[in-house]
Amino acid sequence: MNKEALGLIETYGYVAAIEAADASLKAANVNLKKCEFVKGGLVTILITGDVSAVKASVDAGEAAASRIGKVISTTVIARTGEGLDEVFYKDEKKVEDKIIAEESFEEIEKEEIKEEPKEKEFKEKKIEDRKSQDSKKKL
């Protein structure tokens, strides 16, 4: 089990969600983990930290968002169960993999390889092909 609490605030509209996130972060020592855009104009923000801090920040965020928009729902999960992090943060793994791949390409480009000009051109073309394949995967 995770020792951190997870707070969720779901609003109708992005502006209300930003207001909720701002008030939440100012109210207590918490971290904004994610801002999830759901279909139909729903936006959910995820906040983590100590249980009492998350409760206080969710209450502050709910009050702030309700002043300028509509709050759909809020909840605080005191200690998230194993595997729940994977559900919420699955996209972060993809981002980490992308960063590692980009760093690898940069290292390849920086290497000063003493090769004949034809071999060097072939290697540069191969790097460009890899980059274009990665950019196509993003789409």
Side-chain angles (χ1 to χ4, degrees):
M1 268 194 287
N2 192 349
K3 293 183 180 181
E4 283 194 327
L6 173 67
L8 295 106
I9 304 172
E10 187 169 59
T11 65
Y12 184 75
Y14 183 67
V15 175
I18 293 299
E19 185 70 21
D22 181 56
S24 294
L25 294 173
K26 290 177 181 176
N29 185 20
V30 293
N31 298 308
L32 177 65
K33 284 295 185 180
K34 194 173 188 180
C35 182
E36 182 78 28
F37 298 94
V38 187
K39 292 181 182 179
L42 296 178
V43 182
T44 303
I45 61 169
L46 284 75
I47 300 162
T48 60
D50 293 334
V51 176
S52 58
V54 172
K55 284 182 181 180
S57 69
V58 167
D59 290 342
E62 181 179 13
S66 64
R67 283 193 296 270
I68 64 165
K70 185 175 182 181
V71 176
I72 304 301
S73 63
T74 63
T75 191
V76 174
I77 301 171
R79 287 174 289 152
T80 57
E82 288 183 34
L84 192 58
D85 288 346
E86 295 172 15
V87 172
F88 286 118
Y89 310 124
K90 63 183 174 188
D91 293 335
E92 289 180 12
K93 175 71 175 145
K94 292 178 186 176
V95 171
E96 289 172 8
D97 290 345
K98 178 186 169 209
I99 291 169
I100 291 169
E102 287 175 357
E103 289 173 354
S104 297
F105 287 130
E106 289 173 6
E107 288 176 16
I108 291 171
E109 290 174 343
K110 289 179 182 178
E111 287 179 1
E112 294 183 7
I113 301 171
K114 296 178 182 177
E115 298 175 346
E116 295 179 25
K118 288 182 182 179
E119 290 176 321
K120 192 172 184 178
E121 283 181 34
F122 176 76
K123 191 167 212 153
E124 290 173 352
K125 175 126 176 67
K126 195 172 186 180
I127 290 170
E128 288 175 0
D129 290 343
R130 286 182 189 168
K131 285 183 179 180
S132 66
Q133 288 175 354
D134 282 348
S135 64
K136 287 177 184 176
K137 288 180 183 177
K138 291 178 196 175
L139 301 174

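Values in this document were obtained by computation on a predicted structure and should not be read as measured data.
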Given the rule that I, L, V, M, F, W and Y join up when any side-chain heavy atoms are under 4.5 Å apart, are [X] and [Y] in one cluster?
X	Y	result
Ile9	Ile18	no
Ile72	Leu46	no
Tyr12	Val38	yes

Heavy atoms only: give me the nearest [X]-[Y] pair and the separation to one decimal.
X	Y	result
Ala56	Ala27	O-CB, 4.4 Å
Ala23	Ala60	CB-O, 3.7 Å
Glu62	Val71	O-CG2, 3.6 Å
Ile68	Ala16	CD1-CA, 4.0 Å
Tyr14	Cys35	CE1-SG, 4.3 Å

Just how far is it from atom [atom1] of [X] to atom [atom2] of [Y], taken to the nearest 0.5 Å?
X	Y	atom1	atom2	value
Thr75	Glu10	OG1	CD	11.0 Å
Leu42	Ser73	CG	OG	8.5 Å
Glu36	Ile45	CD	CD1	12.5 Å

Taking the side chain as C-beta and beyond, is there a heavy-atom pair between Leu8 and Leu6 under 4.5 Å?
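Sidechains of Leu6 and Leu8: in contact.
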Above 12 or not: heavy atoms from other molecules or residues under 6.0 Å from CG of Asn31?
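Atom CG in Asn31 is crowded, with more than 12 foreign heavy atoms closer than 6.0 Å.
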Please determine which of Ile77, Asp50, Thr48, Val30 meets the side chain to side chain contact (heavy atoms under 4.5 Å, CB included) test together with Glu4.
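That would be Thr48; it is the only one of Ile77, Asp50, Thr48, Val30 passing the side chain to side chain contact (heavy atoms under 4.5 Å, CB included) with Glu4.
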Ser24 and side chain to side chain contact (heavy atoms under 4.5 Å, CB included): which single residue from Val58, Asp59, Val54, Ile47 fits?
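Result for side chain to side chain contact (heavy atoms under 4.5 Å, CB included) with Ser24: Ile47.
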